[in-house]
Amino acid sequence: MSSTAFSSYIAIGDSFTEGVGDDLPDGRVRGWADFVALGMAAAFDGPFRYANLAVRGRKLGPIVAEQVDPAIAQRPDLVSLNGGGNDIMRPRVSIEGVATTLMDAADRVVASGSHMLLLSGANPSAHLPLGGLVRRRGEELAVAVRAMLPRDGITFVDNWADEGLEDIRYWSEDRLHLGPLGHARVASNVLTALGIPVPAEWGVEEVAAAPPGEKTRRTADYYRRYVLPWVGRRLTGRSSGDHRAAKIAELTVVDPEGAHPL
C-alpha cells in the first residue's frame, strides 16, 4: 500500500507522541502525531481516521503491553511507535533490551497487516541537567535500532539524527519536551519520509532557515518548577501519566481544516 492510500493511522507511545509541550488554549495537547494526521487527511481523497493511544510517562514495557494490541485490534493502515525515552533516563537500563522490544513490537504490527512507522525522539540533551548521560544513552539506542533496519513494512524516521531539532527554539519551557515548533518539525520529517506534502502554512522551512535561538540558563526557578517534581516522582514511583487515559482511544475522522495555528 502506498503512503497516499493510508486511510487510517494510530499513534502509540509516551509524552512525545501524546504531544506534551504543544499545549492548546483549551488545555489539551496537540503534538507531531496530530500534525501528521492532519497532513495525511489533507492528502487523502476521502475520510481519514486517526487515534492516539499514547500516555505520558510510560516506559517502553507498558507502552507495548497496554497499547499495541488495542491499536492492532482497530486494523489501521498505519501505526506509529516511539518509546524508550523514559527508560534511558532511569538509573539502570538495558539499551539492547529496549531496542529489541521496539523491534519485536514493530514486527507484531507488520505481521498484523499494518504498516509500521518507527521513529526516534528528538535529542534534548543540550538543554538538560545530566545531558551528557542522556546523549550517550540516546545515541547508543539509536545505533542499536539502526543496526536492525531496514525491514520490510517499516518506515524509520530518525529524529535523533536531526541536529537542527536541538535548537532551543524547538523545545518547551521544561526543555525535556518539544514545543509547538519542534512538534511541527517532527511531523514534517514524518510526512516527508512517507512521501506526503508538508502543509506550507506550518512554516517549518521558514523556522529552520531563521537564526538559531540563544541558549538559556537553568535558573533556580527552572529547577523548582521542572527538575524537582520529576525527581520526586522517580523517588516515589509515580508517573506524570498515572490515571491518564488515551486522548483519542478510537479511530476518529479527522477534519483537515481543524488545525490550530502555531
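Hydrogens, waters and symmetry mates play no part in the numbers below; they use all other heavy atoms, side chains included.
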With no hydrogens and no angle check, is any side-chain donor or acceptor of [X] less than 3.5 Å from a backbone partner on [Y]?
| X | Y | value |
| --- | --- | --- |
| R175 | A126 | no |
| N52 | K247 | no |
| S7 | A5 | no |
| Q74 | L251 | yes |
| S114 | V110 | no |
| H115 | P76 | no |
| H183 | V20 | yes |
| N159 | A122 | no |

Inset, instruction - Assess whether atom CD of E205 is packed by more than 12 heavy atoms of other residues, nucleotides or ligands within 6.0 Å. - result: no
Inset, instruction - Step through the shown structure and confirm whether more than 12 heavy atoms of other residues, nucleotides or ligands are within 6.0 Å of CG on D26. - result: yes
Inset, instruction - Taking atom types as modelled, find out whether S15 and H177 have a side-chain donor-acceptor pair closer than 3.5 angstrom. - result: yes
Inset, instruction - Check the side chains of S120 and D158 for a donor-acceptor pair under 3.5 angstrom, ignoring hydrogens and angles. - result: yes
Mind checking the [atom1]-[atom2] spacing from [X] to [Y]? Nearest 0.5 Å is all I need.
| X | Y | atom1 | atom2 | value |
| --- | --- | --- | --- | --- |
| I248 | R28 | CD1 | CZ | 8.0 Å |
| L149 | L118 | CG | CG | 6.5 Å |
| T101 | L60 | OG1 | CG | 5.5 Å |
| T155 | L119 | OG1 | CG | 10.5 Å |
| L178 | S172 | CG | OG | 7.5 Å |
| I10 | S80 | CD1 | OG | 9.5 Å |

Inset, instruction - Report yes if the side chains of R49 and V254 come closer than 4.5 Å at any heavy-atom pair, otherwise no. - result: no
Inset, instruction - Please tell me if the side chains of P199 and V204 come closer than 4.5 Å, counting only heavy atoms from C-beta onward. - result: no
Answer yes or no: is there an ion pair linking [X] with [Y], defined by an N-O contact shorter than 4.0 Å?
| X | Y | answer |
| --- | --- | --- |
| E18 | R58 | no |
| R136 | E140 | yes |
| R151 | D107 | yes |
| D87 | R137 | no |
| D14 | K59 | no |

Legend entry - Y9: ring pair (Phe, Tyr, Trp, His ring centres under 6.0 Å) partners, not counting sequence neighbours: Y50
Under a single-linkage definition using a 4.5 Å side-chain heavy-atom cutoff for Ile, Leu, Val, Met, Phe, Trp and Tyr, are [X] and [Y] assigned to the same hydrophobic cluster?
| X | Y | value |
| --- | --- | --- |
| F35 | V29 | no |
| L181 | I168 | no |
| W160 | L128 | no |

Legend entry - Intermediate values then yes/no, side-chain contact (heavy atoms from CB on, under 4.5 Å), V145 and L102: CA-CA 8 Å; V145 170; L102 279 169; 4.0 Å; yes
Legend entry - Test log, rule side-chain contact (heavy atoms from CB on, under 4.5 Å), inputs M148 and T100: CA-CA 9 Å; M148 299 180 182; T100 299; 3.8 Å; yes
Closest heavy-atom contact between [X] and [Y]?
| X | Y | result |
| --- | --- | --- |
| M40 | F48 | CB-CZ, 3.6 Å |
| V98 | G84 | CG1-CA, 4.0 Å |
| T17 | A11 | CG2-CB, 3.5 Å |
| A43 | I196 | CB-CG2, 3.8 Å |
| I154 | A106 | CD1-CB, 3.9 Å |
| V134 | I88 | O-CD1, 4.2 Å |

Inset, instruction - Taking side-chain contact (heavy atoms from CB on, under 4.5 Å) as the test, write out the residues that go with T192, two or more places apart. - result: S188, V198
Inset, instruction - List in chain and number order the residues that pass side-chain contact (heavy atoms from CB on, under 4.5 Å) with D167, two or more places apart in sequence or in another chain; answer none if no residue qualifies. - result: R169, Y170, P212
Inset, instruction - Apply side-chain contact (heavy atoms from CB on, under 4.5 Å) to the pair W171 and L176, showing each step before the final yes or no. - result: CA-CA 7 Å; W171 296 87; L176 177 62; 6.0 Å; no
Inset, instruction - Give the C-alpha distance, both sets of side-chain angles, the deciding distance and a yes or no for side-chain contact (heavy atoms from CB on, under 4.5 Å) between L141 and V143. - result: CA-CA 5 Å; L141 178 58; V143 168; over 6 Å; no
Inset, instruction - Would you sort out whether R185 and D162 count as a salt bridge (charged side-chain N to carboxylate O under 4.0 Å, His left out), showing the intermediate values? - result: CA-CA 10 Å; R185 178 158 173 154; D162 182 353; 2.7 Å; yes
